[in-house]
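Since the structure is predicted, the reported quantities are computational estimates derived from the model, not experimental observations.
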Amino acid sequence: MTESGKFDLDATYERLLTLWTSGVRDYHTMLSDYLTANSIFVAVIGLILSREHVAFSFTVLIVLLCVFGVLLCLQMAIVLGRLSGQNALWEWRLRGVEQDPAWQAAQLMTSLHRLHEVRQSIEDPRNEPPVFEPNWAFRQHRQWWAHRAISFPWFFGSVYALLLIWSVTKLLSA
């Protein structure tokens, strides 16, 4: 391959790496924001419920907070799922560049993929230890409950659903 072709490969890899790292940062920022918002909603509901007698108007407020909380959980799942998929695309493209015969640099994304997805050890005789084994967390990474884009919306959604059932029951019995 020509020198300009090698430069194009390096430039493509650099752009994709920037997109991937930005995506990972954005994913964690959004996750933090959604966790904060959900925690505030649950804390407000908890403060209202901690009163000795919950008035009718506060029960209606709990219903509204629960409905908005469920909608927030749906949005959380969609946004985090989209960002996760987008990051997986950039990672896939990076592995494609690393598989190019002209690529001479380290295959970091390919090694990461083997570690995460295939659960293969990474070998590097120059390192100490020469073999990096995937630990328990790497093995659990692909389980449905380990995905934050799934587990957190389910957790908060369940809390909102239970509180919604309780408050609607309380409204109907009043």
Side-chain angles (χ1 to χ4, degrees), residues 12-50 58-99 106-122 131-172:
T12 300
Y13 192 82
E14 188 176 326
R15 278 188 226 106
L16 286 170
L17 194 58
T18 299
L19 286 169
W20 180 74
T21 53
S22 296
V24 169
R25 183 196 63 232
D26 293 345
Y27 177 88
H28 289 289
T29 300
M30 289 301 294
L31 175 65
S32 176
D33 293 345
Y34 279 119
L35 289 177
T36 301
N38 278 302
S39 297
I40 290 170
F41 272 45
V42 170
V44 168
I45 293 169
L47 283 173
I48 293 170
L49 290 175
S50 68
F58 284 126
T59 307
V60 171
L61 179 61
I62 291 172
V63 168
L64 290 173
L65 287 171
C66 288
V67 169
F68 286 127
V70 168
L71 293 173
L72 185 66
C73 287
L74 288 171
Q75 183 186 36
M76 179 184 190
I78 292 167
V79 169
L80 292 179
R82 184 186 141 274
L83 284 171
S84 181
Q86 184 175 299
N87 292 341
L89 172 65
W90 303 141
E91 204 172 304
W92 180 72
R93 291 285 187 194
L94 285 162
R95 287 195 316 272
V97 170
E98 290 177 352
Q99 299 308 311
Q107 295 185 340
L108 300 174
M109 287 298 172
T110 302
S111 295
L112 183 66
H113 177 73
R114 283 194 353 240
L115 190 65
H116 274 241
E117 310 302 326
V118 187
R119 297 183 198 103
Q120 280 183 340
S121 301
I122 300 173
V131 178
F132 186 84
E133 300 281 342
N135 63 15
W136 178 84
F138 282 112
R139 291 190 299 273
Q140 299 305 312
H141 175 72
R142 278 291 170 225
Q143 302 296 323
W144 72 267
W145 51 268
H147 287 280
R148 291 169 283 200
I150 296 170
S151 60
F152 283 130
W154 271 110
F155 171 75
F156 282 107
S158 299
V159 170
Y160 292 131
L162 289 172
L163 290 168
L164 184 62
I165 291 169
W166 175 85
S167 56
V168 168
T169 304
K170 186 158 173 78
L171 286 175
L172 293 176

Enter the distance from L65:CG to I45:CD1 here, rounded to the nearest 0.5 Å. 5.0 Å

Please report the interatomic distance CG(L171) to CH2(W166), rounded to the nearest 0.5 Å. 8.5 Å

What is the distance from atom CG of D33 to atom CE of M76, rounded to the nearest 0.5 Å? 10.0 Å

Any side-chain heavy-atom pair from Y27 and R148 closer than 4.5 angstrom? yes

Among V63, L49, V168, find the one that has a side chain to side chain contact (heavy atoms under 4.5 Å, CB included) with L163. L49

Interatomic distance, NE2@H116 vs CE@M109, rounded to 0.5 Å, equals 9.5 Å

Can you name the residues that form a side-chain hydrogen bond (donor to acceptor under 3.5 Å, both in side chains) with E98, not counting sequence neighbours? Y13, T110

Which residue, R114, E133, H113, forms the side-chain hydrogen bond (donor to acceptor under 3.5 Å, both in side chains) with Q120? R114

Sequence neighbours excluded, which residues qualify as side chain to side chain contact (heavy atoms under 4.5 Å, CB included) partners of S32? T36

Does atom CD of Q99 have more than 12 heavy-atom neighbours, drawn from other residues, nucleotides or ligands, at distances under 6.0 Å? yes

Applying side chain to side chain contact (heavy atoms under 4.5 Å, CB included), run through F41 and F156 and close with a yes or a no. CA-CA 10 Å; F41 272 45; F156 282 107; over 6 Å; no

Distance-only donor-acceptor pairs under 3.5 Å for side chains of residues 77-90, two or more places apart:
residue	atom	partner	partner atom	Å
R82	NH2	Q86	OE1	3.4
N87	ND2	G23	O	3.2
N87	ND2	L83	O	3.3

Separation between CG (L17) and OG1 (T12), nearest 0.5 Å, reads 12.0 Å

Do you know the tightest heavy-atom contact between T59 and S167? CG2-O, 3.5 Å

Quick one: do Y34 and Q75 satisfy side chain to side chain contact (heavy atoms under 4.5 Å, CB included)? Show the steps, please. CA-CA 9 Å; Y34 279 119; Q75 183 186 36; 3.2 Å; yes

In Å, rounded to the nearest 0.5 Å, how long is the span from SG of C73 to CZ of F155? 10.0 Å

